[in-house]
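Have a look at the structure below, then the notes.
Here the structure is a predicted model, which is why all the values come from computation and not from measurement. FYI, the numbering just counts along the sequence from 1. One-based numbering, in listed order, for ligands and for the atoms of each.
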Amino acid sequence: MHPQLSSHPAHGSATDRRLNSMLRHIDPSIASSSLSSMDSQISASPTSGFHGDSVFAHVAQAPEDSILGVTVAYNKDPSPIKLNLGVGAYRTEEGKPVVLNVVRKAEQLLVNDRSRVKEYLPIVGLADFNKLSAKLIFGADSPAIQENRVTTVQCLSGTGSLRVGAEFLGRHYHERTIYIPQPTWGNHPKIFNLGGLSVKYYRYYDPATRGLHFQGLLEDLGSAPTGAIVLLHACAHNPTGVDPTLEQWAQIRQLMRSKGLLPFFDSAYQGFASGSLDADAQSVRMFVADGGECLVAQSYAKNMGLYGERVGALSIVCKNADVASRVESQLKLVIRPMFSNPPIHGASIVATILKDMNMYDEWTVELKAMADRIISMRHKLFEALRAKDTPGDWSHIIKQIGMFTFTGLNSEQVAFMTKEYHIYMTSDGRISMAGLSSKTVPHLADAIHAAVTRVR
Ligand code: KET
């Protein structure tokens with residue numbers, strides 16, 4: 001018998017009395033004896049786990065996540081010079097996380113508004129948030145929105161939006177293969193597999209040129225089965241920082257439409273690539289402008305700094321309003337048993353900012369400042385390596401786009417930098433430029449220099 005559950009003091013312990021008064025607060029009809037009778041019910045039921053080995057004794061230790069696990073290791077390192085360039089999270093020049101001023105302002109407005117309550121949102125989330133999110137990615141004058149053929153549902157940030165989209169496709173789309181770029185964000189294959197899709201890769205990055213493998217991409221998508229789903233990073237490809245040019249996007253679009261391939265955009269960095277929300281949405285808008293269908297997963301983690309609020313949206317652009325409305329009804333059936341309905345706070349922050357012209361403008365200024373700081377870190381790191389005469393061509397540091405530099409360092413070199421310099425990054429050689437500051441650039445440059453000259 002479990003010692004805590006088997007103890008029945010005659011007149012009840014202090015804990016019992018506290019629980020009793022709590023229960024009576026919630027439901028005054030509960031008599032004070034009810035807790036001890038509940039207690040005896042619990043202790044009377046035989047529970048196998050109480051004896052001998054755990055019923056979970058066979059469960060194996062899982063490895064840490066390849067990205068979030070870097071932060072776990074970083075947190076354990078007592079070194080004062082340690083530097084976390086693993087996860088894609090923005091830091092200031094002082095190395096501190098930021099909450100945007102405009103976000104603080106929106107939160108203040110929300111807190112001060114006594115009419116706001118904490119009721120459940122509808123299954124599809126906050127209506128204003130959904131409308132404004134569609135406008136943000138597709139453009140204010142998007143014909144698809146005007147024709148009511150876009151359905152947008154609020155989901156748990158970018159990840160949750162991808163997951164809901166994957167499960168919808170797994171249930172309702174005729175072709176269950178999704179092509180994802182090689183390489184891609186490590187969570188993509190897992191998300192799509194769990195959604196019931198089978199994952200194949202298309203060539204994307206050419207290590208020789210440290211640029212786009214455009215020919216390989218066209219060949220692989222060209223030989224994909226008709227109707228296959230294709231995951232595209234809307235901008236700031238993770239981990240490579242390599243995006244197609246607009247001309248290349250146009251060719252990709254043409255090829256995909258001619259083969260009936262279904263685009264699924266992952267837009268996790270709108271505004272972070274160029275500093276302009278519109279410029280970073282061009283790839284998506286190009287596909288929507290041709291009248292064809294597509295899916296888009298949006299995240300506000302990076303561009304509004306709302307990482308932990310888990311706020312994002314899935315939009316499905318359909319051929320007509322009737323299809324869009326039926327698609328939405330099925331998305332609700334995906335969401336309801338998954339998380340029932342999404343959280344209200346983060347979406348309210350986003351909606352408050354997006355619907356107010358002044359706050360929107362303030363956001364774009366803060367966003368541009370973040371993007372610019374990242375770009376300036378690229379130049380500083382490039383210059384520092386050049387000044388040290390570090391072997392190799394490091395121009396990709398300034399050519400790549402978005403939060404990350406795909407350095408080309410191998411996993412041994414990364415391990416060396418972590419061990420000797422306390423610099424934490426993913427083992428594929430990706431560094432989050434957003435985690436770097438003017439002060440830490442020299443330390444990183446020293447580490448890279450040592451790694452490439454001492455570890456091969
Ligand atoms: N898509 C891409 C391409 C992406 O890089 C991330 C996050 C997400 C979606 C999901 O973000 P969410 O927080 O669910 O909105 N990437 C960073 C964080 C992570 O791995 O979770 C990263 O690559 O470091």
Side-chain angles (χ1 to χ4, degrees), residues 63-74 84-91 97 125 129 133 136-137 153-166 178 180-192 194-195 199 204-205 230-243 263-273 280-281 283-284 295-315 338-339 342-343 346-347 349-350 370 374 400-406 414 424-436:
E64 288 286 357
D65 181 78
S66 59
I67 297 173
L68 300 185
V70 173
T71 303
V72 175
Y74 167 85
N84 187 3
L85 304 177
V87 67
Y90 185 81
R91 298 282 180 270
F129 167 83
S133 295
L136 185 69
I137 188 72
V153 293
Q154 183 194 331
C155 297
L156 304 181
S157 213
T159 308
S161 307
L162 291 164
R163 181 75 170 78
V164 168
I178 183 159
I180 65 178
Q182 176 70 270
T184 192
W185 181 48
N187 218 11
H188 277 148
K190 300 170 200 174
I191 292 170
F192 294 120
L194 280 175
V199 169
Y204 187 86
Y205 177 76
V230 179
L231 180 94
L232 301 161
H233 294 227
C235 69
H237 182 273
N238 176 9
T240 66
V242 173
D243 284 352
F264 192 161
F265 282 98
D266 181 354
S267 177
Y269 299 96
Q270 189 182 356
F272 246 93
D280 289 354
S283 59
V284 174
L295 292 85
V296 185
Q298 269 171 283
S299 167
Y300 290 96
K302 328 276 169 160
N303 59 13
M304 248 186 228
L306 293 175
Y307 306 90
E309 294 289 354
R310 313 308 297 146
V311 51
L314 171 73
S315 285
M338 199 188 279
F339 53 89
I349 296 171
V350 173
M370 289 194 285
I374 296 172
Q400 292 174 355
I401 294 161
M403 252 187 176
F404 305 108
T405 290
F406 204 44
V414 170
Y424 289 79
M425 53 198 275
T426 53
S427 61
D428 59 1
R430 182 190 89 165
I431 58 179
S432 171
M433 299 306 285
L436 206 55

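Within the 4.5 Å cutoff, the side chain of Leu156 has no heavy atoms near those of the Met338 side chain. By the 4.5 Å heavy-atom criterion applied to side chains, Thr426 and Phe406 are not counted as neighbours.
To the nearest 0.5 Å, the span separating OH on Tyr269 from CG on Asn238 amounts to 4.0 Å. Rounding to the nearest 0.5 angstrom, the gap separating the NE2 atom in His233 from the NE2 atom in His188 is 4.5 Å. In this structure, CG in Leu232 is found 9.5 Å from NE2 in His237, a value given to the nearest 0.5 Å.
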Hey, what polar pairs (N/O, under 3.5 Å) does ligand 1 make with protein?
from     : atom 1 : to     : atom 2 : distance (Å)
ligand 1 : 1 (N)  : Asp266 : OD1    : 3.3
ligand 1 : 1 (N)  : Asp266 : OD2    : 2.5
ligand 1 : 5 (O)  : Asn238 : ND2    : 2.6
ligand 1 : 5 (O)  : Tyr269 : OH     : 2.7
ligand 1 : 13 (O) : Arg310 : NH1    : 2.9
ligand 1 : 14 (O) : Gly158 : N      : 3.4
ligand 1 : 14 (O) : Thr159 : N      : 2.9
ligand 1 : 14 (O) : Thr159 : OG1    : 2.5
ligand 1 : 14 (O) : Arg310 : NH2    : 2.8
ligand 1 : 15 (O) : Ser157 : OG     : 2.5
ligand 1 : 15 (O) : Gly158 : N      : 2.8
ligand 1 : 15 (O) : Ser299 : OG     : 2.6
ligand 1 : 16 (N) : Trp185 : NE1    : 3.3
ligand 1 : 16 (N) : Lys302 : NZ     : 3.3
ligand 1 : 20 (O) : Trp185 : NE1    : 2.9
ligand 1 : 23 (O) : Trp185 : NE1    : 3.3
ligand 1 : 23 (O) : Asn238 : ND2    : 3.0
ligand 1 : 23 (O) : Arg430 : NH1    : 2.9
ligand 1 : 23 (O) : Arg430 : NH2    : 3.4
ligand 1 : 24 (O) : Gly88  : N      : 2.8
ligand 1 : 24 (O) : Arg430 : NH2    : 2.9

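Of the candidates Phe272, Tyr307, Phe129, Tyr300 forms a ring pair (Phe, Tyr, Trp, His ring centres under 6.0 Å) with just one, namely Phe129.
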